[in-house]
Amino acid sequence: MALIVHKYGGTSMGSTERIRNVAKRVAKWARAGHQMVVVPSAMSGETNRLLGLARELQPEGHSAQLARELDMIASTGEQVSVGLLAIALQAEGLEAVSYAGWQVPIRTDSAYTKARIESIDDIRVRADLAAGKVVVITGFQGIDGEGHITTLGRGGSDTSAVAVAAAMKAAECLIYTDVDGVYTTDPRVVPEARRLQAISFEEMLEMASLGSKVLQIRSVEFAGKYRVPLRVLSSFTPWDIPLAEEAVSGTLITFEEDENMEQAIVSGIAFNRDEAKISLLGVADKPGIAYQILGPVADANIDVDMIIQNVAHDGRTDFSFTVHRNDYARTLELLKSAVQPLTHAAQITGDAKICKVSIVGIGMRSHVGVASRMFRTLSEEGINIQMISTSEIKTSVVIDEKYMELAVRALHKAFGLDAPPAATAA
Ligand code: ASP
Ligand code: MG
């Protein structure tokens with residue numbers, strides 16, 4: 001018998017019929033003798049609908065006052081879900097009780113619409129579990145020090161579930177979703193993409209931050225920090241498949257030192273089209289230049305991702321960086337008005353039609369030549385690399401967005417991800 005946390009996403013909770021299915025699945029686990037805590041999202045589309053109502057009354061603005069009310073509104077989606085699921089569990093003959101975040105309580109800071117969990121009290125939940133109840137807790141929401149309702153940012157139910165699992169020291173946190181695991185890359189781009197049986201936390205963090213949207217990134221950080229065993233699996237399998245089969249399905253997010261990792265150098269290829277590149281040509285090569293360019297950008301709260309400064313010639317150099325595409329126009333404007341007069345750049349240019357493609361794998365730590373194989377593969381396809389950045393376990397390149405799919409397919413093949421792994425010691 002173990003304490004298990006299940007998390008169900010919006011599509012899994014999308015109708016009363018699906019909620020009944022969730023209840024049957026949870027009941028199967030409870031009847032096998034496990035103590036069950038379930039954290040559902042709002043029914044699919046519900047959070048958007050609720051926030052849309054608010055925007056009808058207040059189309060613009062970002063005040064703290066507004067953010068507080070948005071959380072008050074958006075958090076109700078999850079409150080409906082827990083009540084419905086508790087009823088469905090009772091209909092299955094189980095004892096079940098639902099709680100909103102403030103009833104547990106799940107304490108957060110006061111950053112409305114993107115609050116962070118600070119602590120979770122486990123006393124009430126433990127008492128219910130000891131009394132044989134299934135406990136259903138709202139995802140996404142919490143309560144701050146002054147008693148205001150907060151939410152954790154879009155997709156935040158993943159983080160709620162992992163935080164609850166950490167606080168309860170659960171044996172495993174299972175994230176049931178509408179895909180059946182984490183893939184080597186997006187199967188819509190590469191049909192040969194394979195589901196990974198296991199991926200390390202660090203790789204998952206890179207994949208999530210580089211555009212693979214299976215889990216909210218903060219939930220992965222949380223799981224890594226508190227060492228919560230995490231599994232992503234499908235809620236669209238028949239609810240009555242054998243528990244032993246279900247328990248090892250999907251993708252396990254694991255720790256590097258674990259034995260059952262697939263022995264691949266590169267585990268996955270991530271990509272996104274969310275960035276834009278900006279270049280300042282012929283800026284004076286003198287101390288403080290990077291600060292003169294990027295200081296005003298940071299002050300305007302614009303996130304910079306990749307940065308390149310070229311070798312100088314005749315006291316002049318070129319400087320390029322990328323920002324989120326949504327910030328592209330604003331950044332260009334800012335550079336022309338505030339930065340050009342200081343740096344005397346000969347020219348400021350930009351390109352929003354770029355994409356970032358990355359290879360990710362902890363094997364890169366112990367193998368040389370991985371990045372060069374990436375560059376060779378791209379050159380064989382005639383793809384020009386505009387920028388490069390590396391970390392211990394990833395290499396990213398910026399290329400023209402029209403070559404994105406070609407690049408991802410070629411890299412997927414070059415790193416042997418098309419073929420099933422040679423040896424999986426599971
Ligand atoms: N219901 C929230 C959202 O749509 C939280 C979640 O689903 O994880 O973002
Ligand atoms: Mg989600």
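For ligands, and for the atoms within them, numbers begin at 1 and follow the listed sequence. Since we're looking at a predicted model, the values are computed, not measured.
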Show me which atoms of ligand 1 lie under 4.0 Å from any heavy atom of [X].
X: Ser41; result: 6 (C), 7 (O), 8 (O)
X: Gly155; result: 3 (C), 5 (C), 6 (C), 8 (O), 9 (O)
X: Glu78; result: 1 (N), 2 (C), 5 (C)
X: Arg154; result: 3 (C), 4 (O), 9 (O)

May I ask you to say whether [X] pairs ionically with [Y], meaning some side-chain N is under 4.0 Å from a carboxylate O?
X: Lys24; Y: Asp240; result: no
X: Glu221; Y: Arg218; result: no
X: Glu333; Y: Arg330; result: no
X: Glu392; Y: Arg365; result: yes

With Glu401, which of Lys356, Lys353, Arg325 fulfils salt bridge (charged side-chain N to carboxylate O under 4.0 Å, His left out)?
Arg325

For ligand 1, is there an N or O atom under 3.5 Å from any N or O atom of Thr47?
yes

Taking a cutoff of less than 4.0 Å between a non-hydrogen atom of the residue and any ligand atom, is Gly156 in contact with ligand 1?
yes

